[in-house]
Structure formats: structure tokens, C-alpha cells
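Remarks on the structure that follows.
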Amino acid sequence: MLKSSFCGAIAVLMALAGAARAQDPAEMVKKGAQAYRICAACHSLQPGVHLSGPSLADLWGKKAATIGDYGRYTEALKKADIVWDEDTLNAWLANPQAMVPGTTMVFRGVEDDQTRVNLIAFLRQALAPGGTAKVVKDGLIPERMAEGPSPQDLSSLGANQRIKKIRHCGDAYHVTTADGAEFPFWETNVRIKTDTSARGPQKGEPVLLRAGMAGDRVFIVFSSLAEIGSLVAEKC
Ligand code: HEC
């Protein structure tokens, strides 16, 4: 009897020690930084850098769907009456679809309670004034993760990628690059994109990106929608 209660006491002490370890704030932030990796696929911590999802800077205390000039919020999130704090973030990160049905945050949620607590502790620190620079300096996340996966800078590519002429003939786009080479691509293998940001192609000079090992699939990226009409000639 005595022995078992002694073991019980030891077990309780060990559990308490374990809980105390889990609550160590620096450790929580560190673990939260690991968990943040998954968010960095779609979000930046830098103000004004909107990727697939809105920048998370300035999140605390804000009403949902009001972060700066992100223009792709769903009606569902705009109508949800949510102010971001520990509790609302906890519910959101557990299951975004359950909290806001119809949200385009295509993310199935962080199931583990402690992982969410850690993640929120990390966001508290990273989004405090000067916090993003600090979490990078402390080595909690690499700088490119704080930035988020911005698209490739297309504004100064080499002559073999800058396009001088595009004509469409039959089932093909014939693309001439600034180094004088001309390539035909089957139209089904060509994906036309625009990048209107400052990192997009120069005006009047769309760029050619290879999109697969074989090199037969390509992206042609224009600096504006109008250029797609004005720079592609239907000509055989
Ligand atoms: C697949 C891309 C993707 C991933 C991964 C993702 N998000 Fe999102 N997130 C979005 C999109 C898109 C929205 C806007 C949703 C809407 O308008 O319904 C959003 C919205 C949010 C919002 C609300 C912002 C506001 O302005 O109200 C928060 C907070 C957020 N995400 C945090 C996170 C965190 C933390 C993670 C990691 C656990 C994460 N997201 C993972 C794409 C993503």
C-alpha cells in the first residue's frame, strides 16, 4: 500500500515536471516555429506581402479579413464576426472549415492541442513589434520562411528566357527569345500566366519558364493581361 502510494506520488511529480517542461515559454516558441513551417507555404510574416494567403503581420486584435490590401478574402471570412486572439486562433487552426464554412484556407487543421498552443506562442512572438526580425535572428525560422514563398523574380532574366516574339499557328505557339532562338510548343503544353507585381517581367517582354524536366511544358508569363492580346499574333 505504502509502496504503491509512493509510486503514485512519483508518477504525479513526473507528470508535473513534464507539464512544466511543456510550458517553458522558450521551448514552446521553438516548437511553434517548427509547426509554423506548414503555414509558410501560403503566408508571409512580413507586412504587405500577400501570397496565396494574406500576410499575417498585424494579425493580433484585428477583425478577420481586414488585413491591409489582400484582395482575395472569401465572403465567408468577411462575414464571420471574428477578432483574432488566442482563443479564436486556436479554434481556426484546429479546423478552419468548421469555424468558417466556405473559407479558401485549404488546410485541414492542426489536430494536436499542444502543437496549436506552441504555434500561437510563436505567432505572439513573431508578430510583436520587431518580432519577425528577432525570430529570424534567434535562428527559430530562416529568413526565407518569414518572407514566405514569393514567386521567382522575373524582372531580370537572361536573353534565353526573355521573349521577343510569339505567334500562334495551328496547334502551336512559336516563341522567339531575345537571343534569337525560336521554339515551337504544342499549345496544350503552354500555360499562360500574368505576374503584375514589381517582380514580374518587364513591360513588353514576357518570359519563358520551363515547367518540367523534359522541357516540352512551359509557362509564358506576361506583365499584364493586355499584353496577352497585343503581343501574341495569329500568324503562320
Ligand atoms: C494552402 C494555403 C494555406 C495554408 C497552408 C495556411 N493558410 Fe492561412 N489562409 C490561407 C488563405 C487563402 C486565407 C484566406 C481565407 C479566406 O479568405 O477565406 C487564409 C487566412 C488565414 C488567417 C486569417 C487572416 C485574416 O486576415 O483574417 C489566418 C490567421 C491564417 N490564415 C493563419 C494560418 C496559419 C497560422 C497557418 C498554419 C497553421 C495557415 N494559415 C496555413 C491560406 C493558407
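Both counts, for ligands and for their atoms, begin at 1 and track the order of listing.
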task = Could you tell me which atoms of ligand 1, counted from 1 in the order shown, lie closer than 4.0 angstrom to a heavy atom of V106?
result = 1 (C)
Presence of salt bridge, E205 and K164, under 4.0 angstrom = yes
task = Kindly check if the number of other-residue, nucleotide or ligand heavy atoms within 6.0 Å of CZ (R167) is above 12?
result = yes
ask   = Is the closest heavy-atom distance from A41 to ligand 1 below 4.0 Å?
value = no
ask   = Among protein heavy atoms, which sits nearest to atom 29 (C) of ligand 1, and what does the distance come to when rounded to 0.1 Å?
value = L59 CD1, 3.6 Å
key: H50 (side chain) donor-acceptor with S55 (main chain) under 3.5 angstrom   = yes
key: Polar proximity ligand 1 side, Y70 side, N/O cut 3.5 Å exclusive   = no
request  = For atom 26 (O) of ligand 1, grab the closest protein heavy atom and report residue, atom and distance to one decimal in Å.
outcome  = Y73 OH, 2.5 Å
remark   = Closest to atom 28 (C) of ligand 1 among protein heavy atoms sits W92 NE1, 3.3 Å
request  = Under 2.8 Å from atom 8 (Fe) of ligand 1, which protein N, O or S atoms are there? Could you list them by chain and number?
outcome  = H43 NE2, M105 SD
inquiry  = Please check whether K63 reaches ligand 1 - meaning an N/O of the residue sits under 3.5 Å from an N/O of the ligand, judged on distance alone.
reply    = no
remark   = So for L89 against ligand 1, with non-hydrogen atoms under 4.0 Å, the contacting part is side chain
query = Is there a nitrogen or oxygen of T66 sitting under 3.5 Å from a nitrogen or oxygen of ligand 1?
reply = no
key: Within reach of ligand 1, part of L77 (heavy-atom separation under 4.0 Å)   = side chain
request  = Under 4.0 Å from a heavy atom of I38: give me the atoms of ligand 1 that qualify, with their elements.
outcome  = 5 (C)
Test: K78 and E75 ion pair at under 4.0 Å = yes
inquiry  = With a heavy-atom distance limit of 4.0 Å, tell me whether L119 approaches ligand 1 through its side chain, its backbone, both, or neither.
reply    = side chain
inquiry  = Under a 3.5 Å threshold, yes or no: a donor from one side chain and an acceptor from the other, between E86 and N90?
reply    = no
query = Side chains of T88 and D85: donor-acceptor distance under 3.5 Å anywhere?
reply = yes
ask   = So, does E187 use its side chain to make a donor-acceptor pair with the main chain of A172 at under 3.5 Å?
value = no
key: Shortest protein contact, atom 17 (O) of ligand 1 (heavy atom only)   = T74 N, 2.8 Å
